[in-house]
Undergrad: 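Mind looking over this structure? Questions follow.
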Amino acid sequence: MVNARSDRPARQGAGFPPTPEAPPWHAARTDDVLSRLSVSADGLTDGEAENRREIHGYNRLPTATPRSVLVRLLTQFQNLLIYVLLVAAVVTALLGHPIDTAVILLVVLANAAIGFVQEGRAEKALDAIRGMIAPHASVLRDGHRVTLGAEAIVPGDVVLIEAGDRVPADLRLIRARNLKIEEAILTGESVAVEKDVRPVAAEAALGDRASMAFSGTVVAAGQGRGVVVATALDTELGRISALLGTVETLTTPLLRQMNRFARQLTVTILGVSAVVFGFAVLLRGYAWPDAFMAVVGLAVAAIPEGLPAVMTVTLAIGVQRMAARNAIVRRLPAVETLGSVSVICSDKTGTLTRNEMTVQTAVTAAAEIEVTGSGYEPRGAFRHAGRDIAAADLPILDELARAALLCNDATLRPTETGWIVDGDPMEGALVSFAVKAGHDADLLRRQIPRTDEIPFDTRHRFMATLHHSHEETTVAYVKGAPERVIRMCTRQAGPDGPVPIDATRWIETVEALGDEGQRVLALARKAMPHGTVTLDFADVEGDLVLLGLVGLIDPPREEAIVAVGECRDAGVRVKMITGDHAATARAIAARLGLARPDSVITGERLDGLDDDAFATAARDTTVFARTSPEHKLRIVTALQANGEIVAMTGDGVNDAPALKRADVGIAMGRKGTEAAKEAAEMVLADDDFASIVAAVREGRTVYDNITKVIGWTLPTNGGEAMAIVTAILFGLALPITPVQILWINMITAVALGLTLAFEPTEPDAMRRPPRAPDAPILSGLLVWRVVLVSLFFVAGAFGMFFWAESRSIPIEEARTIVVNTVVVMEMVYLFSIRRLHATSLSWTAVAGTPAVLTGVAAIAAAQLLFTYAPFMQVLFATRAISPLDGIAILAVGIALFVALEIEKLVRRRLWP
Ligand code: ATP
């Protein structure tokens, strides 16, 4: 995000802010508001909007400034180990070892630099994904509804708002229908406020300005329309908070747990070091400066200094990979939880299906008609009994199409890539249907204007509109879920006028269309008394005339079918929770390959169940049809009580409680409301079910990689520490000096360990069951590995050291051999741990990733410098080693590899 101040040109006195004599916006009449803002109820033109944007700037608030580079650099030094090292640097300087002091300080700096770069990378990854979920808004431009980024809104724009939207700027309402807005962010009042277009008193307090919708507040119910009177910092929100959003820290419960572990380990090690120091001086007769240096070596060897940083990077890379697969993580702990998800509850429309709807069937009392054409392009024919027919010849069909167009908020628009919908895709399909039937959408909507409406709500499952035509007739059109609408009808339209309804036959038709996977809507009309201007529930609850049904197809997503199969292998159950009809839902579930697609239960049946029966139904049912958002919450709760880790999708404002409750709440990026996105842990940029499964796969990968990082780091530290302790206990010469250990740990180990953060998904990641959420990361297996590999390291190091001593090689050269042996063993162990569960003896395992190969090559080069470059020889007291020793070092590496493979093999035999 950019700082809004910097790109806001200076005010040029546009005259929009209320002049002293004009009343404030909330007290002004709507026509006054429009004229003062020089805009009509049809909104601005694009050109005028652009002019105003140049004057008023973008509609965005500055975000909290990220930490400065200096602060970030300094925090790298806030680390217990660094303090230990700084003390060691001072002591070595006092003891007159300037080279050691210099090396310690250099290593501290190098480590800080590595940490700084890694952290910068991680923060950048987070920033990038934050930008991906920027809010959108529906605006009228030139009379057409368009969807824009909220930051493109300017004063004078006419904005459409509905339940679930976050109001994008301060609006003076010019239309409100059952509109309720939750203004807690401004007033602290959590009960939603009813809104109205009537002016309120000029002195009304913020919470009483019912004629206004304020930026940042959330629409809890209903629909409305308002003209923008203030944007960005001029909004009420902008005034109270110059800063929005806090900087999220890059951490999760697992990382916190590991950080705590690392801290405890550090303290323990310091304690042990003190004891060893005492032991060395008192019992082994070390001179205290020597003992001090040995103990510093021990502390440095044992503390896993690179671990927290590498784990953070692993997490950041996981987040980045998920974002690349369209799954945008809003709360970092979700990255871990995703790996243990055991049930995914998914919406149907748009997630499992494409949400690209096309009307395929129209049914009236007189005929069942097939509608041809594809997508939203309004081109296609009507066919009945194998022949093309003209809709205009069938009066009922003609009116059905008219109702479909008028009781509808969507518009269609051609683009280079095809026709697209502004608004609800299903309504877009109905517009296309009406145009195919011969209607001119714009013209008809102007000729028969709408004066009032009851907006669609999943709770009542229909919408109704009131219209007045030039012929002075007043009519209400209703469209909605067929069972619901049929119940409201007493008659049906017949060729010779309305006749009593044959509800049973209609319901059979609905079932039949549903069985084919079609989504069915019913359309009805009611003649209203002349002069009616408002529409209420009571007006449409009874006595409607059913015009007919439309059946829409919405094919399953191909990639969702594959993803459902992947879930089956991965032990993750998939449940479909939809507002659609049971027959339609069942047919789509079967096409998707969901397990037991026939196990369907409706919301109505769920309502009749007691808690125990509900829990059983939640566990055993695959398809939940005609549900409302409240059911989602109950289903999540019941599944969780059963020990499941639940991922749940949602889009509406009423889905928010279920999304919050779920272990991983997932909101739709495209059709989801802002309210749902805010409640969710993760947002799907493409609304696609397959992206959820990709995120689960990445979640498992992140967990695996964190395990690998830990499993690789700890034995490396353990081996070195054991080597030092062994030397001191037995009064031997140190096989490796403290600064050499510093070199290994803080340069080579961090660089090698980091490559594990980039590990791709293991081949079997989606073929094993989900991880138990409470399984400790330091599993028995990992602890065993740490001990075993530490012992191998000690054996390798001392083996080479004694062999060199036995050949009377100078101690410096012997130590150089040991350092190289340890580094080679680290590299070998890296390849071994890359496959946690399978053999590393395969081409892909040995070939590595670009990260691994770069890491290994860089470390190999660094070791050559360390061994042969004169300045390194001075700094680290190293010597050139002979080719024979080089070969012996490689042989130790190969031996380690073989030993580790044998261990894997035996372990798999014993515990398959
Ligand atoms: P899902 O929950 O899988 O997204 P859905 O879109 O069918 O499925 P809802 O939005 O709850 O779920 O819709 C429930 C029903 O209400 C639909 O099946 C349809 O019959 C009806 N309906 C949906 N949208 C509208 C609308 N704009 N106007 C009238 N009726 C609608």
Undergrad: Could you tell me if the side chain of M357 sits less than 4.5 Å from the side chain of N355, heavy atoms only?
TA: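 With C-beta onward as the side chain, the pair touches.
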
Undergrad: Quick one: side chains of residues 505-512, donor-acceptor pairs under 3.5 Å with protein atoms, not counting sequence neighbours, listed by atom name and distance.
TA:
from : atom 1 : to   : atom 2 : distance (Å)
W506 : NE1    : Q492 : OE1    : 2.9
T509 : OG1    : R505 : O      : 2.8

Undergrad: Indicate whether the side chain of N654 and that of R459 have a donor and an acceptor atom separated by less than 3.5 Å.
TA: yes

Undergrad: Looking just at side-chain N and O atoms, do H468 and T451 make a donor-acceptor pair shorter than 3.5 Å?
TA: yes

Undergrad: Quick one: side chains of residues 420-432, donor-acceptor pairs under 3.5 Å with protein atoms, not counting sequence neighbours, listed by atom name and distance.
TA:
from : atom 1 : to   : atom 2 : distance (Å)
D422 : OD1    : R413 : NH2    : 3.1
D422 : OD2    : R413 : NE     : 2.7
D422 : OD2    : R413 : NH2    : 3.2
D424 : OD1    : M426 : N      : 3.3
E427 : OE1    : D409 : N      : 2.9
E427 : OE2    : K479 : NZ     : 2.5
S432 : OG     : Y376 : O      : 3.1
S432 : OG     : E377 : O      : 3.4

Undergrad: Under a 4.0 Å threshold between the charged nitrogen and the carboxylate oxygen, would R141 count as salt-bridged to D46?
TA: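 Looking at D46 and R141, the cut-off is met.
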
Undergrad: Mind checking whether R177 and P455 have side chains closer than 4.5 Å, heavy atoms only?
TA: yes

Undergrad: Is there a side-chain contact between E453 and L535 in this structure, where contact means two heavy atoms from C-beta onward sitting under 4.5 Å apart?
TA: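 Side chain of E453 against side chain of L535, heavy atoms only: no contact under 4.5 Å found.
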
Undergrad: Give a yes or no on whether a salt bridge exists between R484 and E541, defined as a side-chain N under 4.0 angstrom from a carboxylate O.
TA: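 Judged by the 4.0 Å cut-off on N to carboxylate O distance, R484 and E541 do form a salt bridge.
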
Undergrad: In terms of the angle between their ring planes, are F382 and F433 parallel, tilted or perpendicular, with boundaries placed at 30° and 60°?
TA: tilted

Undergrad: Give a yes-or-no answer on whether the side chains of S628 and E630 include a donor-acceptor pair shorter than 3.5 Å.
TA: yes

Undergrad: Any donor-acceptor pair under 3.5 Å linking the side-chain atoms of T353 with those of R519?
TA: no

Undergrad: Check the orientation of H467 and Y477. Use parallel for under 30°, tilted for 30 to 60°, and perpendicular for over 60°.
TA: tilted

